[in-house]
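All values below come from the heavy atoms of this structure, side chains included, with hydrogens, waters and symmetry mates left out. It should be emphasised that the depicted structure is a prediction, and the values quoted were computed from it without experimental measurement. Throughout, numbering of the chain's residues begins at 1 and tracks the sequence.
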Amino acid sequence: MAEAALVGFPNAGKSTFISAVSAAKPKIANYPFTTLQPHLGVVRLGEETEFVIADIPGLIEGASEGRGLGHQFLRHLQRTRLLLHVVDLAPFDEAVDTVAQAKAIVNELKKYDPELYRKPRYLVLNKLDMVPAERRAEVVRDFVKRFKYKGPVFEISALTHEGCEQLTRAAYQHIKAQQAAALPAVELDPRFVPALQ
């Protein structure tokens with residue numbers, strides 16, 4: 001079962017990201033709906049330090065009502081501990097409003113299941129390698145402001161792997177903390193607890 005899942009519009013770079021951080025080899029191409037089924041990848045950060053991530057087919061506006069390919073996969077997100085919302089910061093079509101797309105994804109999650117909407121979510125701003133270095137800070141600041149996002153933000157390039165390790169380590173720490181918090185409390189039998197001196 002996946003502990004984290006990638007969500008976002010088609011061509012946001014989700015498949016490139018999962019192939020960069022795991023041994024998963026999903027099909028990667030420059031056209032929408034390249035991913036037609038979920039792909040799982042194991043992210044290994046060291047010995048005994050790993051988690052499973054899922055690449056979910058791209059969602060589109062109306063997915064919660066059955067539009068596009070993402071609808072049948074939304075239920076897979078419900079069992080994960082963390083959503084990684086991947087956004088293409090440098091779309092080929094400059095007329096594309098990536099903030100509107102990001103808001104549409106959040107709205108679809110909310111309409112499909114309010115619990116899914118409340119699930120912890122990281123904003124992953126991808127394709128920074130396509131943004132001139134001197135403009136990156138401005139582009140990121142403008143996106144976050146217009147998106148009105150208050151949670152964790154990660155700036156990455158899945159293609160060059162920039163920022164990917166920082167993101168996966170943060171995701172791992174979050175998942176482990178959630179797993180620990182979900183463990184049932186253990187009551188000790190006082191007969192087997194040494195008396196305090």
Side-chain angles (χ1 to χ4, degrees), residues 4-18 20-21 30 32-33 35 53-65 67-71 73-74 76-78 80-171 173-175 178:
L6 304 173
V7 297
F9 255 64
N11 282 82
K14 300 182 298 297
S15 296
T16 303
F17 175 75
I18 198 173
V21 300
N30 189 26
F33 300 115
T35 301
I53 193 168
D55 175 18
I56 303 296
L59 302 176
I60 60 172
E61 208 163 351
S64 59
E65 284 89 38
R67 268 191 83 211
L69 299 172
H71 175 255
F73 302 118
L74 279 167
H76 290 288
L77 303 177
Q78 294 171 311
T80 62
R81 297 181 183 276
L82 177 66
L83 300 179
L84 303 179
H85 185 172
V86 183
V87 174
D88 178 356
L89 264 194
F92 284 111
D93 183 354
E94 293 183 5
V96 169
D97 185 348
T98 54
V99 173
Q101 287 185 340
K103 287 180 177 178
I105 292 292
V106 173
N107 192 42
E108 293 306 316
L109 297 177
K110 190 173 187 178
K111 285 195 291 186
Y112 182 77
D113 179 3
E115 285 297 315
L116 187 56
Y117 167 74
R118 288 190 287 269
K119 191 177 287 291
R121 187 169 63 247
Y122 289 176
L123 178 61
V124 181
L125 302 177
N126 189 25
K127 303 189 184 180
L128 276 187
D129 57 295
M130 302 294 290
V131 179
E134 66 276 8
R135 291 201 60 236
R136 288 184 185 181
E138 175 195 345
V139 169
V140 168
R141 190 168 50 248
D142 178 65
F143 184 95
V144 172
K145 181 180 178 182
R146 289 176 54 218
F147 189 38
K148 298 179 180 169
Y149 183 75
K150 305 289 186 195
V153 178
F154 292 86
E155 304 166 32
I156 72 163
S157 167
L159 187 65
T160 66
H161 299 197
E162 180 184 350
C164 290
E165 184 176 353
Q166 179 188 7
L167 170 56
T168 53
R169 289 198 177 279
Q173 293 300 329
H174 175 87
I175 290 164
Q178 278 208 334

Minimum heavy-atom separation for A20 and A158, please, with both atom names.
CB-O, 3.6 Å

With heavy-atom distances below 4.5 Å as the criterion, would you say the side chains of T80 and L82 are in contact?
no

Is the closest basic N to carboxylate O distance between E138 and R141 below 4.0 Å?
no

For the residue pair F143 and F147, categorise the inter-ring angle as parallel (less than 30°), tilted (30 to 60°) or perpendicular (more than 60°).
tilted

For the residue pair D129 and E162, establish whether any side-chain heavy-atom pair is separated by less than 4.5 Å.
no

If you count every heavy atom of other residues, nucleotides or ligands that lies below 6.0 Å from F154 atom CZ, does the total exceed 12?
yes

Just how far is it from atom CG of L128 to atom CG of L159, taken to the nearest 0.5 Å?
12.0 Å

Looking at H85 and G8, what are the two nearest heavy atoms and their distance?
CD2-CA, 4.3 Å

Report yes if the side chains of V106 and R121 come closer than 4.5 Å at any heavy-atom pair, otherwise no.
yes

Rounded distance (nearest 0.5 Å) linking atom CG of D142 with atom CZ of R135
9.0 Å

Taking C-beta and beyond as the side chain, do V87 and Q101 meet within less than 4.5 Å on heavy atoms?
no

With rounding to the nearest 0.5 angstrom, report the NZ to CD1 distance, K110 to I105.
15.0 Å

For a quick test of reading the model, state the closest non-hydrogen atom pair linking K119 to Q78 and the distance between them.
NZ-O, 3.3 Å

What's the shortest heavy-atom distance between S157 and C164, and which atoms?
O-SG, 3.9 Å

If the threshold is 4.0 Å, N to carboxylate O, is there a salt bridge linking K14 and D55?
no

State which residue, out of I53, N126, V124, V86, fulfils the side-chain contact (heavy atoms from CB on, under 4.5 Å) condition with F17.
I53

Any side-chain heavy-atom pair of H174 and Y122 under 4.5 Å:
yes

Measure the shortest side-chain to side-chain distance between L109 and L83 over non-hydrogen atoms and say whether it is less than 4.5 angstrom.
yes

side-chain contact (heavy atoms from CB on, under 4.5 Å) test vs L125 passes for just one of V153, I156, V131, D88, namely V153

Expected output: side-chain K127 to main-chain P91 donor-acceptor under 3.5 Å:
no

